[in-house]
*Asks:* 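Handing you a structure now.
In what follows, residues are counted from 1 in the order of the sequence shown. When reading the values below, keep in mind they use all heavy atoms of this one structure, side chains included, and skip hydrogens, waters and symmetry mates.
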Amino acid sequence: MSSLSVSERTAISVEDVSVTYRTSLEKAPTLRSTVTRLGRREKIVREIEAVRNVSFDVPHGEVLGIVGANGAGKSTLVRTIAGILPPSEGRVEIHGRVSTLLALGVGFNKKLSGRENVVLGGLAAGLKRDQLAEKYDDIVAFAELEDFMDMPMRTYSSGMYGRLAFAVAVMMEPDILLIDEALSVGDAKFRRKCARKMRELCSEDRTVVLVSHALGTIQELADHAIWMDRGQLRMWDHPDSVVNAYTEFLEVGQDAVEMEDV
């Protein structure tokens, strides 16, 4: 039996987590209601159960893939793991330093240059200036943006945004890397480079959570996968099993195009 404690073996523990939030809609007034309410629109408050009673553990050094249709709760779940959204019920335990790549360019200031954004990102991640200076050249080289770092990021293409965002996230040496639909940009060569870097992180006992509609990527990179459906964890198994069940549920074929955009 292993002498390691549960916290030493586990990077992420999600226990009976639910996330419910409220959203308000304005109901278009009828002529009668306009007269009776003096033209004021009626507001309807709805409660959205984005995540419902989800539990799973992710060991150190593994890649967890998350699949599901739009609105299934994938992004809400990852943002809860990242500490951006508080759970309404349950708890999330994190053992290690987290780096997030939750959306293209989140955290970047478009008015600033790539160089300035790298500095801000490093400081926000808790690095000291001398540590950041040591990593700067590696970040730029990984992103392949040597000729663009002094240009304002508003001039960057979506691919350039994605390359720099990924480079900053992985070069901060996180214990846990959370990625939400951020690997769909860039060419095939750069995506392969990202995949190699994630494998390298895992070989160093670091942990990756990857949300993606690219099912082929999930099958290639993940050790385990979960399928989210309408806020609930529908399946948690080997990536091939999860992808096969999910695609069968959607009644789609598994040709190359569909596997990269389901």
*Asks:* Please check if the side chain of Asp175 supplies one atom and the backbone of Gly96 the other of a donor-acceptor pair under 3.5 Å.
*Replies:*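 Answer holds: no.
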*Asks:* When you measure from the centre of the six-membered ring of Phe249, is the NZ or CZ of Arg234 closer than 6.0 Å and no more than 45° off the axis?
*Replies:*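 Relative to the ring axis of Phe249, which defines the angle, Arg234 lies inside both limits.
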*Asks:* Going from CG on Asp57 to OG on Ser13, what distance comes out if it is rounded to the nearest 0.5 angstrom?
*Replies:*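 Taking CG in Asp57 and OG in Ser13, the distance rounds to 4.0 Å.
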*Asks:* Not counting sequence neighbours, which residues clear side chain to side chain donor-acceptor pair (under 3.5 Å) with Arg230? List them please.
*Replies:*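 Scan of Arg230 (side chain to side chain donor-acceptor pair (under 3.5 Å), adjacent residues dropped) gives none.
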*Asks:* For residues Ala167 and Phe142, report the shortest heavy-atom separation together with the two atoms involved.
*Replies:*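 What the structure gives for the nearest pair is CB-CD2, 3.9 Å.
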*Asks:* Applying a strict under-4.5 Å side-chain criterion to I, L, V, M, F, W and Y, I'd like to know whether Ile48 and Leu77 cluster together.
*Replies:*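 Looking at the clustering, Leu77 is in a separate group from Ile48.
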*Asks:* Any side-chain heavy atom of Ile179 sitting closer than 4.5 Å to one from Val211?
*Replies:*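 Result no, sub-4.5 Å side-chain heavy-atom pair not found.
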*Asks:* Report yes or no: do Val92 and Ile226 belong to one cluster of Ile/Leu/Val/Met/Phe/Trp/Tyr joined by side chain heavy-atom distances under 4.5 Å?
*Replies:*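 Same cluster.
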*Asks:* Cation over ring, Lys197 on Phe166, under 6.0 Å and within 45°?
*Replies:*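 No, Lys197 does not lie over the aromatic ring of Phe166.
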*Asks:* So, does Thr10 use its side chain to make a donor-acceptor pair with the main chain of Ile12 at under 3.5 Å?
*Replies:*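 Between the backbone of Ile12 and the side chain of Thr10 there is no qualifying donor-acceptor contact (under 3.5 Å).
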*Asks:* Just by modelled atom types, is the Gly68 backbone N or O under 3.5 Å from a matching donor or acceptor in the Lys74 side chain?
*Replies:*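 Looks like yes, one N/O pair under 3.5 Å.
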*Asks:* Does Ser18 use its side chain to pair, donor to acceptor, with the backbone of Asn53 at less than 3.5 Å?
*Replies:*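 Yes, because the side chain of Ser18 sits within donor-acceptor range (under 3.5 Å) of the backbone of Asn53.
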*Asks:* According to a 4.5 Å side-chain heavy-atom criterion applied to Ile, Leu, Val, Met, Phe, Trp and Tyr, with indirect links allowed, do Met149 and Met160 form part of one hydrophobic cluster?
*Replies:*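 Met149 clusters together with Met160.
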*Asks:* Considering only NZ, NE, NH1 and NH2 on the basic side and carboxylate oxygens on the acidic side, decide whether Glu200 and Arg206 come within less than 4.0 Å.
*Replies:*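 No, no charged N to carboxylate O under 4.0 Å.
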*Asks:* Under 4.5 Å between any side-chain heavy atoms of Asn70 and His213, yes or no?
*Replies:*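 Side-chain contact under 4.5 Å: yes.
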*Asks:* Please answer whether the main-chain N or O of Gln131 pairs with a side-chain N or O of Tyr136 as donor and acceptor at a distance below 3.5 Å.
*Replies:*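 No, because the side chain of Tyr136 does not come within donor-acceptor range (under 3.5 Å) of the backbone of Gln131.
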*Asks:* Counting distance only, does the side-chain N/O of Ser55 pair as donor-acceptor with the main-chain N or O of Asp16 below 3.5 Å?
*Replies:*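 Judged by distance alone, yes, a pair lies under 3.5 Å.
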*Asks:* Strictly distance-based, threshold 3.5 Å: is any side-chain N or O of Arg163 a donor or acceptor partner for the main-chain N or O of Ala143?
*Replies:*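 The answer is yes, because a donor-acceptor pair under 3.5 Å joins these two groups.
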*Asks:* I want to check something: taking the side chain as every heavy atom from C-beta on, are His224 and Glu62 in contact at a cut-off of under 4.5 Å?
*Replies:*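 Of all side-chain heavy-atom pairs linking Glu62 with His224, at least one is under 4.5 Å.
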*Asks:* Side chain to side chain contact (heavy atoms under 4.5 Å, CB included), that's the test. Do Leu164 and Phe108 meet it? Break it down for me.
*Replies:* CA-CA 10 Å; Leu164 188 59; Phe108 285 156; 4.1 Å; yes
*Asks:* If I compare all heavy atoms of Ser88 with all of Thr20, which pair ends up nearest, and what's the gap?
*Replies:*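 Where Ser88 meets Thr20 most closely, the heavy atoms are OG-N, 2.8 Å.
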*Asks:* Check whether Val51 and Leu85 end up in the same hydrophobic cluster, where Ile, Leu, Val, Met, Phe, Trp and Tyr are linked by side-chain heavy atoms less than 4.5 Å apart.
*Replies:*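 No, Val51 does not connect to Leu85 through the hydrophobic network.
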*Asks:* Compare all side-chain heavy atoms of Thr80 with those of Ile84 and state whether any distance is below 4.5 angstrom.
*Replies:*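 Counting from C-beta outward, Thr80 and Ile84 never come under 4.5 Å.
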*Asks:* For a side chain to side chain contact (heavy atoms under 4.5 Å, CB included) check, start with the C-alpha distance between Leu145 and Tyr156, then their side-chain angles and the critical distance, and finish with the verdict.
*Replies:* CA-CA 10 Å; Leu145 293 173; Tyr156 283 23; 4.2 Å; yes
*Asks:* Under the rule for salt bridge (Lys or Arg N to Asp or Glu O under 4.0 Å), what residues qualify as partners of Glu15, not counting sequence neighbours?
*Replies:*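 Applying salt bridge (Lys or Arg N to Asp or Glu O under 4.0 Å) to Glu15 gives Arg91.
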*Asks:* Just how far is it from atom NZ of Lys189 to atom SG of Cys194, taken to the nearest 0.5 Å?
*Replies:*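 Reported value, rounded in 0.5 Å steps: 12.5 Å.
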*Asks:* Quick one: list whatever passes side chain to side chain donor-acceptor pair (under 3.5 Å) with Glu134, sequence neighbours left out.
*Replies:*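 Result, side chain to side chain donor-acceptor pair (under 3.5 Å) vs Glu134: none returned.
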*Asks:* For residues Lys111 and Pro152, report the shortest heavy-atom separation together with the two atoms involved.
*Replies:*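 What the structure gives for the nearest pair is O-CB, 4.0 Å.
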*Asks:* Could you go through Arg9 and His60, starting from their C-alpha distance and side-chain angles, then the distance that decides it, and tell me whether this counts as side chain to side chain contact (heavy atoms under 4.5 Å, CB included)?
*Replies:* CA-CA 6 Å; Arg9 296 192 303 269; His60 287 288; 5.7 Å; no
*Asks:* Check whether any side-chain heavy atom of Gln232 sits under 4.5 Å from a side-chain heavy atom of Asp229, and report yes or no.
*Replies:*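 With C-beta onward as the side chain, the pair stays apart.
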*Asks:* Give me the atom names and distance for the closest heavy-atom approach of Met151 to Thr155.
*Replies:*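 Of all heavy-atom pairs spanning Met151 and Thr155, the closest is CE-OG1, 3.4 Å.
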*Asks:* As an exercise, state the distance from CG of Asp180 to CG of Leu210, rounded to the nearest 0.5 Å.
*Replies:*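 Interatomic distance, Asp180 CG to Leu210 CG, rounded to 0.5 Å: 9.0 Å.
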*Asks:* Can you measure from CG (Leu112) to CG (Asn117) and round to the nearest 0.5 angstrom?
*Replies:*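 Separation between the atoms: 5.0 Å.
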*Asks:* Just jot down the side chain to side chain donor-acceptor pair (under 3.5 Å) partners of Glu49, sequence neighbours excluded, or say none.
*Replies:*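 Side chain to side chain donor-acceptor pair (under 3.5 Å) check on Glu49 returns nothing, list empty.
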*Asks:* With Ile81 as reference, evaluate Thr76, Ile176, Val58, Ile94 under the side chain to side chain contact (heavy atoms under 4.5 Å, CB included) test and give the passing residue.
*Replies:*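 With Ile81 as partner, side chain to side chain contact (heavy atoms under 4.5 Å, CB included) holds for just one option, Ile94.
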*Asks:* With sequence neighbours excluded, give me every salt bridge (Lys or Arg N to Asp or Glu O under 4.0 Å) pair touching residues 210-227.
*Replies:*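 For residues 210-227: Arg199-Glu220.
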*Asks:* Looking at Ala72 and Met228, what are the two nearest heavy atoms and their distance?
*Replies:*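 Minimum heavy-atom separation between Ala72 and Met228: CB-O, 3.3 Å.
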*Asks:* What's the spacing between Met153 CE and Tyr161 OH if we round to 0.5 Å?
*Replies:*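 Nearest 0.5 Å value for the CE-OH distance: 4.5 Å.
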*Asks:* Restricting to pairs with a member in residues 113-128, which pass salt bridge (Lys or Arg N to Asp or Glu O under 4.0 Å), not counting sequence neighbours?
*Replies:*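 Applying salt bridge (Lys or Arg N to Asp or Glu O under 4.0 Å) to every pair that reaches into residues 113-128, excluding sequence neighbours, yields Arg115-Asp150.
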*Asks:* What's the shortest heavy-atom distance between Thr207 and Ala11, and which atoms?
*Replies:*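 That would be OG1-CB, 3.3 Å.
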*Asks:* Go through the steps to decide whether Leu123 and Leu127 satisfy the test side chain to side chain contact (heavy atoms under 4.5 Å, CB included), and finish with yes or no.
*Replies:* CA-CA 5 Å; Leu123 295 177; Leu127 296 182; 5.9 Å; no
*Asks:* Is the backbone of Pro174 close enough, under 3.5 Å, to the side chain of Ser99 for a donor and an acceptor to pair up by distance?
*Replies:*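 A pair under 3.5 Å: no.
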*Asks:* For residues Asp237 and Trp227, determine if any side-chain heavy atom of one lies less than 4.5 Å from a side-chain heavy atom of the other.
*Replies:*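 Side-chain contact under 4.5 Å: no.
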*Asks:* Hey, what do you get for CG (Leu132) to CG (Leu120), rounding to the nearest 0.5 Å?
*Replies:*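 One finds 9.5 Å between CG of Leu132 and CG of Leu120.
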